[in-house]
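Okay, so here's the structure we're looking at.
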Amino acid sequence: MKVFSSTAAFREARHGMACTLGFVPTMGYLHEGHLVLVRRAKAENGAVAVSIFVNPAQFGPKEDFARYPRDPERDLALLEKEKTDLVFMPDAGEMYPHGFVTWVDVAKVTERLEGSTRPGHFRGVATVVAKLFNIVEPNRAYFGEKDAQQVVVIKRMVADLNMSLEVVVVPTHREPDGLAMSSRNVYLNIEERQAALVLWKSLGLARQLWSGRERSAEILKQQMAALIRKEPLARIDYISVADPETLEELSEARHGALVSLAVYVGKTRLIDNITLLP
Ligand code: PAF
């Protein structure tokens, strides 16, 4: 495994590779969910590259950039075990050099859900991912379904900017009790960890109502909200039943609709989602 912090050195190694390259962009503090992406990338490509960069541009001024969990040594040990070929670990100066003023702004699909609570978040995500794609030049890039809106934004950007790579979406990796894996789960104390299960339970309720032929999006959201409100440590940010491509809110739930939510558990904001299937 080769580890690079400079763009020039990474590019040189990349250009020496004749095989297809799968790419997993991350902000580090790797968990099993990331490793599932790495394994998938490894299985589908001749080589795999992973980036580790806690991107300041996607954090709001009141968000957790400074305290975002970091453990680069552990991350590298985990990636070595997975037989990762290339790791790109730039610093902020490498990614945002002095005088940086060029941003990638994906309109519309960034305006709702995460975008309305976290203004500027997707501008930071789209910009850094575009830069990473430009540096890494992957054939395929792998993203987790947990960040459903991020996937929509990145697919839109890849299509709109004629980027020549395939975006591969991998199902959310969950703890045995259903909690979606996230680097932010480390913030939860024992009581909050238990309370956090309410996200998965409320999505389960939505699925159950949908299977019982409930088609009113409003009723699905109301029932989910009622369940979450029974959990004293949880506070709802949003619950949505939306079109999976435009992310516009639906009045009638339909096959393929994205049911997503963001909930504060204590001070930690967690997100999760499911797709309604037949
Ligand atoms: O999903 C993440 O970890 C980040 O948003 C990403 C895609 C690595 C960009 O910083």
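The model shown is predicted, which means the values in this text are computed figures rather than measured ones. Both ligands and their constituent atoms are indexed starting at 1 by order of listing.
- What sits closest to atom 9 (C) of ligand 1 on the protein, heavy atoms only, is Gln58 OE1, 3.3 Å.
- Salt bridge annotation for Lys221-Glu249: present, with a cationic side-chain nitrogen under 4.0 angstrom from a carboxylate oxygen.
- Taking every non-hydrogen atom of Thr26 and a distance limit under 4.0 Å, the qualifying atoms of ligand 1 come out as 8 (C).
- Annotation: cation-pi geometry satisfied between Arg74 and Tyr29 (NZ/CZ under 6.0 angstrom from ring centroid, within 45° of ring axis).
- Arg269 has a carboxylate O that lies under 4.0 Å from a charged side-chain N of Asp237, or vice versa, which qualifies the two as a salt bridge.
- Taking any N or O of Gln150, backbone or side chain, at least one lies under 3.5 Å from an N or O belonging to ligand 1.
- Closest to atom 3 (O) of ligand 1 among all protein heavy atoms lies Met27 CG, 3.7 Å.
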* **Derivation and outcome, side-chain hydrogen bond (donor to acceptor under 3.5 Å, both in side chains), residues Glu94 and Ser6** => CA-CA 7 Å; Glu94 184 75 12; Ser6 110; 4.9 Å; no
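- Ring centers of Tyr142 and Phe23: at least 6.0 Å apart, outside the cut-off.
- For ligand 1, the atoms sitting less than 4.0 Å from at least one non-hydrogen atom of Val128 are 9 (C), 10 (O), numbered in the order shown with element in parentheses.
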